[in-house]
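Inspection log for the structure reproduced underneath, given as structure tokens.
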Amino acid sequence: MPTIADLGTRIELVAMDPHFQDISIALYEQERNGTTVALVHSYSSKGGTGDRLRSIADSMGALGDLERGETEAATVRFACGTWHRAAAKRAFLEACKLLPGQPATARPLEAEDRRSGQSIVVEGLRGGRYRVHAQGAQDESKSRAPAIARGLAKLAELDLDEDGVTVAFGCGQDHDAVVGLLLVRALNLRATLREDEVTSSRGVLAAPSAQEQP
């Protein structure tokens, strides 16, 4: 990952924002007073860019349980004090998909799994631990709960318990919004990982002349 002076380390990139003049927007990690924060940034000088960046930062807060920084208008961090990079990247990508003015709200801890017809419910156990249940599974061996738990663990870099259906944040703090955000993605992990690969390749392969460098 390239490190850019004064901005920090770029960890995610949206090469063209379809909702705002196709500008490129990136997410950078920065260390401030011993705490990792993320900066939503673009080099674009087009009018309204600052408002777009602030809107994305606000949406990240609602979608991914992040709070706004104290000094930078488009800076976010986790209130728990621990940096969850994978969760921040996902919140950034999802926030960039929202239409300008579209409200961002935390997503529920349950979803329908069309693949199996099961209802997936995530139970908060406190202390940053969550257990995945699959309602409607007639045969325990066909329960999608273990697969969903593995998906959550991979997408958010969580610890997976020996029971195979419980995941935990290393910080020991609850992050309901993060789990809700990733639950739908965990239902189809392969598709999510393919989408991430496409997004990443766009940022790497696009010719410098074809985009504004974020």
Side-chain angles (χ1 to χ4, degrees), residues 1 11-14 27 29 36 38 56 59-66 76 78-80 82-98 104-204:
M1 292 179 293
I11 61 171
E12 194 54 87
L13 169 71
V14 171
L27 188 69
E29 280 182 357
T36 302
I56 291 173
S59 295
M60 288 179 66
L63 293 172
D65 198 28
L66 292 126
V76 293
F78 288 97
C80 67
T82 300
W83 180 242
H84 303 287
R85 173 182 287 184
K89 290 170 65 174
R90 177 57 55 190
F92 170 71
L93 291 173
E94 295 298 326
C96 288
K97 294 177 182 179
L98 294 177
T105 57
R107 296 171 183 174
L109 298 181
E110 59 182 84
E112 292 299 320
D113 179 29
R114 297 180 181 178
R115 177 175 174 180
S116 65
Q118 299 169 13
S119 179
I120 307 300
V121 178
V122 181
E123 175 190 7
L125 304 177
R126 311 307 297 173
R129 301 178 69 246
Y130 296 84
R131 181 176 295 134
V132 182
H133 301 274
Q135 299 177 353
Q138 302 300 320
D139 185 342
E140 190 65 27
S141 66
K142 295 182 180 180
S143 171
R144 284 272 285 154
I148 303 304
R150 290 194 298 272
L152 286 172
K154 185 173 184 64
L155 291 174
E157 298 177 346
L158 306 180
D159 300 322
L160 181 64
D161 283 9
E162 292 182 359
D163 66 4
V165 294
T166 303
V167 295
F169 286 88
C171 65
Q173 300 295 313
D174 295 336
H175 290 286
D176 290 5
V178 171
V179 176
L181 175 68
L182 297 176
L183 179 56
V184 175
R185 291 291 181 173
L187 295 177
N188 194 342
L189 181 61
R190 291 182 180 178
T192 297
L193 295 179
R194 285 197 298 270
E195 180 181 321
D196 288 348
E197 290 177 357
V198 170
T199 299
S200 177
S201 65
R202 284 174 180 169
V204 173

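Note: hydrogens, waters and symmetry copies are ignored here, and every other heavy atom, side chains too, is used.
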## Note on the structure
Residues at least two apart in sequence or cross-chain that pass side chain to side chain contact (heavy atoms under 4.5 Å, CB included) with E157, listed by chain then number, are A86
### Task
Return the set of residues passing salt bridge (Lys or Arg N to Asp or Glu O under 4.0 Å) with R126 (not counting sequence neighbours), or none when no residue passes.
D174
### Summary
Sequence neighbours excluded, the answer for side chain to side chain donor-acceptor pair (under 3.5 Å) partners of T105 is none
### Summary
Residue set satisfying side chain to side chain donor-acceptor pair (under 3.5 Å) with E110, at least two apart, ordered chain then number -> none
### Message
Using the side chain to side chain contact (heavy atoms under 4.5 Å, CB included) criterion, which residues pair with P146? Sequence neighbours excluded.
### Response
S143, R150, V165
#### Entry: Under the salt bridge (Lys or Arg N to Asp or Glu O under 4.0 Å) test, residues paired with D176 that sit two or more places apart
none
### Task
Not counting sequence neighbours, which residues clear side chain to side chain contact (heavy atoms under 4.5 Å, CB included) with R144? List them please.
D113, R115, S116, Q118, I120, A147, I148
### Task
Not counting sequence neighbours, which residues clear side chain to side chain donor-acceptor pair (under 3.5 Å) with H84? List them please.
H175
### Summary
Those residues at least two apart in sequence (or on a different chain) that pass side chain to side chain contact (heavy atoms under 4.5 Å, CB included) with A38 are L27, V76, W83
### Task
For F92, check ring pair (Phe, Tyr, Trp, His ring centres under 6.0 Å) against everything at least two apart and list the hits.
none
### Message
Applying side-chain contact (heavy atoms from CB on, under 4.5 Å) to Q173 and T82, what does each step give before you reach the verdict?
### Response
CA-CA 9 Å; Q173 300 295 313; T82 300; over 6 Å; no
### Task
With sequence neighbours left out, write down each residue that passes side chain to side chain donor-acceptor pair (under 3.5 Å) with E123, or none if nothing qualifies.
H133
